[in-house]
**Student:** 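So that we are looking at the same thing, I have put the structure below in structure tokens.
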Amino acid sequence: MTNVARFIDEVKRTHSCGQLRAADIGKEVVLFGWVQYYRDFGGLRFIDLRDRDGITQVVFDPDLSQEAHDLANTFRHEWVVGIRGVVRDRGMQFSKKKGEMVSAHNTALATGEVEVLVREAVVFNKSETPPFEIEDSVDTNEEKRLKYRYLDLRRPKLQKIFRTRSLMNQTVRQHLSGQGFLELETPVLVKYTPGGARNFLVPSRLHHKKFYALAESPQLFKQLYMVAGFDKYFQIVKCFRDEDLRLDRQPEFTQIDMEMSFVNQDDVFNTVEQLIFALWQAVFGVDLKERYPTGHFPRMKFDESMRRFGNDKPDLRFDLEHVELTELTIAHKGGGVPLLAEIAEGYLNGTDRREVPQRIVKALVVPAQSTLSRADTDKLEDFCRSMGAKGLARARVGEDGGWTQSPFAKNITAEFRTAINEAVGARPGDLLLFQFGPTAMVHTVMANLRLHLGKKLGLIPEYGTRDAWKFLWVIDPPLFEFDEKTNSWAPAHHAFTRPHDDCVQYLGTDPGRVLCHRYDIVLNGFEIGGGSIRLHDPDVQARVFAALGISEDEAKQKFGFLLEALRLGAPPHGGIALGMDRLAMLFAGSESIRDVVGFPKTQKGTDQMTEAPGPVTAEQLAELRVGVIETT
RNA sequence: GGGGUGGUAGUUAAGUCGGUUAUAACGCCGGCCUGUCACGCCGGAGGCCGCGGGUUCGAGUCCCGUCCACCCCGCCA
């Protein structure tokens, strides 16, 4: 029997490398793990042995076992080894460097009071020199980390993240099951449905010229579970979207998906709030009741969020709110500033409507104590340009309320300047930053500018949380958004979101005014979940389709099975999906979603390790009757 | 599709105004060391400067193109 087999079959591991404490002194133990560091003193040799639990120092003393000591001399980084030995107190030792007796305890290690004196050792497997060092402190570029993901995952930091993910999964299942939710599965291979995110397509071998789609979410199926009478559903489920990636997006990602019958918006919120409380308790041991004594998170209307923050996922950890100046600009007819006068003119002559503002004016105040140099503001301007802005107008407020360093300074009327100072609450030394023009651009630029400044001025960390958890429900968004390309109304969400009862009257006449029971839950500026109360009334559904210009035939063709289901005894229902990866990312205080996904894709959607996506043979394509079009 | 940042030894980085032998730390290899803990000390090896063109007497450095990674806009819950 080889030594390896004997250690695995007979000797057996007794403890993990993070387990041993002073109470274990005197025990004979067996540890298996990876060689983290080795320190050689000619005679005495120390090895830091690492596994997923932690690190234990093991000592090889030639006086005790020459054989084990000789073997240990061959150990290198990341070899997989096993040792059998006795736990002992590290005690007081004579330090040659310091010339006195010192405690050999290592307070930086959980196991630091003890060490294992080795009697017998075995090498399970050698390792070539790893392409990078397995340490939290040493950073390697993303490309290398992803190519050797299994090595990256050995780093204690990532090990911790994945243990947290496991705990999250467990907590969700336990909590929701306890609330009467059934964990039900839905198909991944589904029929392509237009609208929303782009689907990954899967050719059907059995049906030529036909394709499945990978489910972008279980949306329709969970509604059908409601129609089937399951009442409360949840699933921790993979979803697939073929869209461009971001720091917080992967092409395949995991949702905590939920749906409930006979509920209103408050019921959904209560359920989610309780789940979030349970998660924070389990993961951090934090009772969110201390921060949210009512047990509920604050709510903000979509409109308000756009006005104050420029997006629908405001980071409430800091202020720097936007100030909306469009009305003021109109009232002052641009106040002598040609570019603003042009915008005011649009509203005054009726080209622009206040109800659907196409162009707006916004400002943001950088307080006097946050000194930004000229170079800093120039960089801010570049930052704004990169997002489609024409520039970044600014003004430094003087002691008398006058403006300097501003392109507006020489043209603006004193009345308009005073009115703006008052509207934004400007004080001497403050820096005012302005954006004006197309609504979407202004919102995007100002929202990102706010975040950028928040980080630059140290109001929020570059990433991570510092334990500041700011939750928010964003509610009552419009049901439709105007698509300028097609000059028609398009669903802002999926087409089965329930409009507010008091808005149904506008469906035919003024679609832009229709608000709906759609909601997002936001944490520290990240949208961690979203859902809606669904439209279960076939009549209202028909009016929504009409407003969208979708004919009965077209609706039938696209969503026929769901429309039919809604006519066959569908209960009122609604639900939500929480982004598991984003939650895990925030839990980990991590800088990227890739840190919390086992084997993530790059921003171009490739897997650096397996080199997916890869080519397939002509035979494989032929079997699927799929041709490849060469583009130049 | 657009904008930005980066790519130099196994790894992380430095490399000035274009100048002759491209640095450092860690890692790797060899040696010494019985209380270290990211041990220490001595010695050594290691480079297609992402790739392809161009400018130049001369390119890691300047120009053009291209690939890869990251961040953002568009897109997307």
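Heavy-atom basis, side chains included; hydrogens, waters and symmetry copies ignored. Just so we're on the same page: letters track the sequence lines, and every chain starts at 1.
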**Student:** For Phe383(A), report the nucleic acid contact type (base, sugar-phosphate, nothing); a contact means any heavy atom under 4.0 Å.
**Tutor:** nothing

**Student:** Just how far, in rounded Å, is C1' of G27(B) from OH of Tyr148(A)?
**Tutor:** 15 Å

**Student:** For Leu109(A) and U36(B), give me the distance from atom CG to atom C1', rounded to whole Å.
**Tutor:** 12 Å

**Student:** Just the rounded figure in Å: distance from C1' of U11(B) to CG of Asp136(A).
**Tutor:** 16 Å

**Student:** For Arg88(A), which contact category applies under a 4.0 Å heavy-atom criterion: base, sugar-phosphate, or nothing?
**Tutor:** base

**Student:** Any side-chain N or O of Arg39(A) under 4.0 Å from OP1/OP2 of C39(B)?
**Tutor:** yes

**Student:** Sort out the partner of G43(B) for me: Watson-Crick or G-U wobble, both distances under 3.5 Å, none otherwise.
**Tutor:** C29(B)

**Student:** Quick one: Ile47(A) CD1 to C39(B) P, roughly how many Å, whole number?
**Tutor:** 10 Å

**Student:** What is the distance from CD of Glu78(A) to C1' of C28(B), rounded to the nearest Å?
**Tutor:** 14 Å

**Student:** I'd like to know if the side chain of Asp378(A) and the backbone of Ala375(A) have a donor-acceptor N/O pair within less than 3.5 Å.
**Tutor:** no

**Student:** Quick one, give me the B/S/- string for nucleotides 65-70 of chain B, reading 5' to 3', where B means a protein heavy atom under 4.0 Å from the base and S means that only happens at the primed atoms, P, OP1 or OP2.
**Tutor:** ---SSB

**Student:** When you match Gly388(A) and Val102(A) each to their closest nucleotide on RNA chain B, which lands nearer the 5' end?
**Tutor:** Val102(A)

**Student:** Of Asp520(A) and Leu44(A), whose nearest nucleotide on RNA chain B comes first from the 5' end?
**Tutor:** Leu44(A)

**Student:** Checking base pairs now: Watson-Crick or wobble, both atom distances under 3.5 Å. What partners G60(B)?
**Tutor:** none

**Student:** Rounded to the Å, how far apart are Arg385(A) CZ and C72(B) P?
**Tutor:** 21 Å

**Student:** Identify whether any heavy atom of Asp40(A) sits under 4.0 Å from a base atom; if not, whether one sits that close to sugar-phosphate; answer base, sugar-phosphate or nothing.
**Tutor:** base

**Student:** In whole Å, what separates the C1' atom of C64(B) from that of U55(B)?
**Tutor:** 11 Å

**Student:** Donor-acceptor check, side chain of Lys222(A) to backbone of Met258(A), threshold 3.5 angstrom: yes or no?
**Tutor:** yes

**Student:** Report yes if a side-chain nitrogen or oxygen of His77(A) is closer than 4.0 Å to either non-bridging phosphate oxygen (OP1 or OP2) of C28(B); otherwise report no.
**Tutor:** yes

**Student:** Could you tell me whether the side chain of Arg518(A) and the main chain of His493(A) form a donor-acceptor pair under 3.5 Å?
**Tutor:** no

**Student:** Tyr38(A) side chain N/O closer than 4.0 Å to the phosphate oxygens (OP1, OP2) of C28(B)?
**Tutor:** yes

**Student:** NA contact type, Asp63(A), heavy-atom cut-off 4.0 Å: base, sugar-phosphate, or nothing?
**Tutor:** base

**Student:** What contact category does Ala197(A) fall into here, base, sugar-phosphate, or nothing, at under 4.0 angstrom with non-hydrogen atoms?
**Tutor:** sugar-phosphate

**Student:** What's the gap between U36(B) and G47(B) when it is taken at their C1' atoms, as a whole Å value?
**Tutor:** 35 Å

**Student:** Which is true for Tyr519(A) with a 4.0 Å heavy-atom rule: it touches a base, it touches only sugar-phosphate, or it touches nothing?
**Tutor:** nothing

**Student:** Pairing check on U5(B): which nucleotide meets the Watson-Crick or G-U wobble criteria with it, both distances under 3.5 Å?
**Tutor:** A69(B)

**Student:** Please report, rounded to the nearest Å, how far the P atom of C76(B) is from the CZ atom of Phe253(A).
**Tutor:** 13 Å

**Student:** So Asp48(A), base contact, sugar-phosphate only, or nothing? Heavy-atom distance under 4.0 Å.
**Tutor:** sugar-phosphate

**Student:** Pairing donors with acceptors under 3.5 angstrom, does anything connect the side chains of Gln235(A) and Thr186(A)?
**Tutor:** yes

**Student:** Verify the contact: side-chain N or O of Lys144(A) to OP1 or OP2 of U11(B), cut-off strictly under 4.0 Å; return yes or no.
**Tutor:** yes

**Student:** Taking atom C1' in both G44(B) and C49(B), compute the distance separating them and give it to the nearest angstrom.
**Tutor:** 23 Å

**Student:** For nucleotides U23(B) and C63(B), find the distance between their C1' atoms and express it as a whole number of Å.
**Tutor:** 27 Å

**Student:** Taking CD from Glu135(A) and P from C26(B), how many angstroms apart are they, rounded to a whole number?
**Tutor:** 12 Å

**Student:** For Phe41(A), answer base if it contacts any base atom (sugar-phosphate contacts may also be present), sugar-phosphate if it contacts only those atoms, and nothing otherwise; contact means non-hydrogen atoms under 4.0 Å.
**Tutor:** base

**Student:** Could you check whether any side-chain N or O of Thr111(A) sits under 3.5 Å from a backbone N or O of Gly18(A), counting only pairs where one atom can act as donor and the other as acceptor?
**Tutor:** no

**Student:** Looking only at atom types and distance, does a side-chain atom of Arg385(A) sit under 3.5 Å from a main-chain N or O of Lys390(A), one as donor and one as acceptor?
**Tutor:** yes

**Student:** Quick one: label Glu128(A) by what it contacts on the DNA or RNA (base, sugar-phosphate, nothing), any heavy atom closer than 4.0 Å.
**Tutor:** nothing

**Student:** Establish, yes or no, whether the cationic atom of Arg165(A) lies under 6.0 Å from the six-membered ring centre of Phe587(A) and within 45° of the ring axis.
**Tutor:** no

**Student:** Determine whether a donor-acceptor pair (N or O, by modelled atom type, separation under 3.5 Å) exists between the side chain of Asp70(A) and the backbone of Glu67(A).
**Tutor:** no

**Student:** Remember a base hit wins even if backbone is also touched, and classify Gly579(A) as base, sugar-phosphate or nothing at under 4.0 Å, heavy atoms.
**Tutor:** nothing

**Student:** Would Ser373(A) and Asp376(A) satisfy side-chain hydrogen bond (donor to acceptor under 3.5 Å, both in side chains), going step by step from the backbone distance to the final call?
**Tutor:** CA-CA 5 Å; Ser373(A) 70; Asp376(A) 288 334; 3.1 Å; yes

**Student:** Quote, to the nearest angstrom, the C1' distance that separates U8(B) from G46(B).
**Tutor:** 14 Å

**Student:** Would you please confirm or rule out a distance under 4.0 Å between OP1 or OP2 of C29(B) and any side-chain N or O of Arg76(A)?
**Tutor:** yes

